[in-house]
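Keep in mind it's a predicted model, so treat the numbers as computed, not measured.
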Amino acid sequence: MMTSAMILANAQDPTLETFENDVWWIVLIKLLGVFVILLLLTLFTINYERKVVARMAVRPGPNQVGPKGWLQSLSDGVKLPFKEEIIPKTADKVVYFIAPVISATVAFTAFSVIPFGPVVTMFGQSTALQLTDVPVSVLVLLACSSMAVYGVVLAGWASGSTYPLLGGLRSSAQMISYEVAMGLSIVAVFMTAGTMSTSQIVAAQAGSDPSTRVDIFGIQPTPPSWYAVLLLPSFIIYCISAVGETNRAPFDLPEAESELVGGFHTEYSSFKFALFFLAEYINMITVSAFATTLFLGGWRAPAPITTWWAGANSGYWPLLWWLGKVLILLFGFIWLRATLPRMRYDQFMRFGWKVLIPVNLVWILFLAGVRVTNTRVEGSARIVVYIVAAVLVLGIALLWPASKKARVYSIEEQLAARPPGSFPVPPMDLQVPPSPRARRAVAERQPATVGGTTPSPDDTSDKEV
């Protein structure tokens, strides 16, 4: 049975100095490798999504181009640049061209700080399977996701059309709102790992830190090392925010076909549309790789594998574990699209600002209290502090005044409260009353008779009527 120390010894974690010693041609090779990996993953993810959704809908899916249809996305990618490009006359030509370039560029740039594996030997040079790393790598990723909003908004504005403009404005509000929730969910990772470097965050999830063990009446259980378990609320909030950030179903409101035709890229075609399409799927891969790095141990193999295989986290094998985790998260994106209907826009925004962000703030406050307690309180006194804190929180929750529900007025009361001169209201029972003019005409008209006379009420003889 391997211990955490043995696992750490088998995987050489990169440091910030590791990237300073890379020669220039190794950097170029890694840059080309990241570019190729993203393109291949994008082509694979498109077919992956279409096949999984088709399987869930009990239909064939793409099955004509290539072996079992796996070259369908490649043929689409080759076809798009050669299609006719249509540019609206009212479009701002410069911004119309720059917008998709911004979206695609920031999507590629965000992947530069994602770690793929440990330190390996590449053409005789020792280097890390990561393009670069800085002390604030996580902020680089957040900055790239923020810049992606510019490409969407500028595309909607530069098209010179109403529906793309509405889609761009809606997307800006959506991405900014859910980026706040995403940023707050990552704060818990900073507090626990003590660093913003992506490579060091992966190293912090290598094994349980003895200082984080809690003494429960003499028993010291080992806490989990993956932050997806240790910081479960942050992981759940991050996953929800990532779906909203990437404009994916059920949060694909900037591209709502029933309201906005195609959203911000309605007026785009040919290669520029391909750039938007590429950026969307790269963003999916980026947030999945980011979640793998922050919450799922990065490129490290899961515990069952490391217990019986000593070299699971060495060499190029970690690239396989990283890819498997990313594909599982991408399957979550696809599953949501095939299952859930699109949300209403006001519900979506209310959920982000009134649910995710407040819950995030409360969770960060709770986590900060736990860390302070573990640092300053020793032994069994921690359990007492936790019990007192739990009782206080439960008491506040029970004694918190409930919001009074507004009185529901009847339709008659609502109609009576309308100001004079309001528009007429149709009948609520769906029965149209007879016209007053028609009633007057019937009252003034003599009854029609046949035969020239009107029978009297007392006449019981048989007469023609």
Side-chain angles (χ1 to χ4, degrees), residues 14 16 19-20 27 30-31 34-35 37-38 42 95 98-116 128 130-157 168-169 171-191 193-202 227 234-235 237-248 251 254 264 275-276 278-295 298 326 329 352 356-357 360 364:
L16 295 178
F19 302 94
E20 297 177 359
V27 176
K30 292 197 292 185
L31 178 63
V34 170
F35 183 77
I37 287 175
L38 281 178
T42 301
V95 182
I98 292 177
V101 175
I102 293 176
S103 296
T105 302
V106 297
F108 279 103
T109 305
F111 231 80
S112 60
V113 292
I114 296 293
F116 298 93
Q130 181 178 353
L131 183 57
T132 186
D133 194 13
V134 292
V136 289
S137 294
V138 178
L139 298 184
V140 174
L141 284 166
L142 292 177
C144 290
S145 63
S146 302
M147 288 294 295
V149 182
Y150 284 91
V152 173
V153 175
L154 291 177
W157 176 80
L169 295 177
S171 180
S172 62
Q174 171 178 335
M175 296 173 76
I176 291 171
S177 302
Y178 277 76
E179 190 175 354
V180 174
M182 179 186 291
L184 289 175
S185 66
I186 300 172
V187 171
V189 178
F190 299 163
M191 296 171 59
T195 179
M196 292 187 184
S197 169
T198 52
S199 61
Q200 300 307 308
I201 290 175
V202 173
Y227 292 153
S234 294
F235 179 62
I237 293 173
Y238 175 87
C239 291
I240 297 174
S241 303
V243 177
E245 177 80 7
T246 53
N247 299 331
R248 292 283 301 181
F251 303 150
F264 59 90
L275 289 178
F276 278 122
L278 180 68
E280 177 182 344
Y281 279 89
I282 291 179
N283 286 333
M284 287 174 53
I285 299 169
T286 300
V287 297
S288 300
F290 199 25
T292 300
T293 301
L294 296 181
F295 297 101
V326 170
L329 293 175
L356 292 184
I357 294 178
N360 232 328
I364 292 172

Atom pair [atom1]/[atom2] of [X] and [Y] - distance to nearest 0.5 Å:
| X | Y | atom1 | atom2 | answer |
| --- | --- | --- | --- | --- |
| Ile240 | Glu245 | CD1 | CD | 14.0 Å |
| Phe116 | Ile37 | CZ | CD1 | 5.0 Å |
| Thr132 | Ile114 | OG1 | CD1 | 12.5 Å |
| Ile237 | Met182 | CD1 | CE | 12.0 Å |
| Ile285 | Leu38 | CD1 | CG | 6.0 Å |
| Phe264 | Leu154 | CZ | CG | 11.5 Å |

Heavy-atom closest contact ([X] atom, [Y] atom, distance):
| X | Y | value |
| --- | --- | --- |
| Val27 | Leu131 | O-CD1, 3.8 Å |
| Leu329 | Ala291 | CD1-CB, 3.8 Å |
| Tyr227 | Ile201 | CE1-CG2, 4.3 Å |
| Ser177 | Ile357 | O-CD1, 4.3 Å |
| Thr198 | Val138 | CG2-CG2, 4.2 Å |
| Pro135 | Leu16 | CG-CD1, 3.8 Å |

Donor-acceptor under 3.5 Å ([X] side chain, [Y] main chain):
| X | Y | value |
| --- | --- | --- |
| Tyr238 | Val287 | yes |
| Gln130 | Pro14 | no |
| Lys30 | Ala128 | yes |
| Gln174 | Gly244 | yes |
| Ser137 | Asp133 | no |
| Ser103 | Phe276 | no |
| Asn360 | Ala181 | yes |
| Thr105 | Ile102 | no |

Any side-chain heavy-atom pair of [X] and [Y] under 4.5 Å:
| X | Y | value |
| --- | --- | --- |
| Val202 | Thr293 | yes |
| Leu141 | Ile186 | no |
| Met191 | Ile364 | yes |

(message) Taking atom OH as the centre, does Tyr150 end up with more than 12 heavy-atom neighbours from other residues, nucleotides or ligands that are less than 6.0 angstrom away?
(response)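 For Tyr150, atom OH is not crowded (no more than 12 foreign heavy atoms under 6.0 Å).
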(message) Tell me if the centroids of the rings in Phe108 and Phe35 come within less than 6.0 Å of each other.
(response)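 Under 6.0 Å, so yes.
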(message) Under a 3.5 Å cutoff, is there a donor and acceptor pairing between the side chains of Asn247 and Glu280?
(response)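 Result is no, nothing qualifies.
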(request) Would you please say whether a donor-acceptor pair under 3.5 Å links the side chains of Ser199 and Ser197? (result)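 There is such a pair between these side chains.
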(message) Run the side-chain contact (heavy atoms from CB on, under 4.5 Å) test on Val189 and Phe295 for me, step by step, so that the C-alpha distance in whole Å, both residues' side-chain angles and the decisive distance to 0.1 Å come before the verdict.
(response) CA-CA 8 Å; Val189 178; Phe295 297 101; 3.6 Å; yes
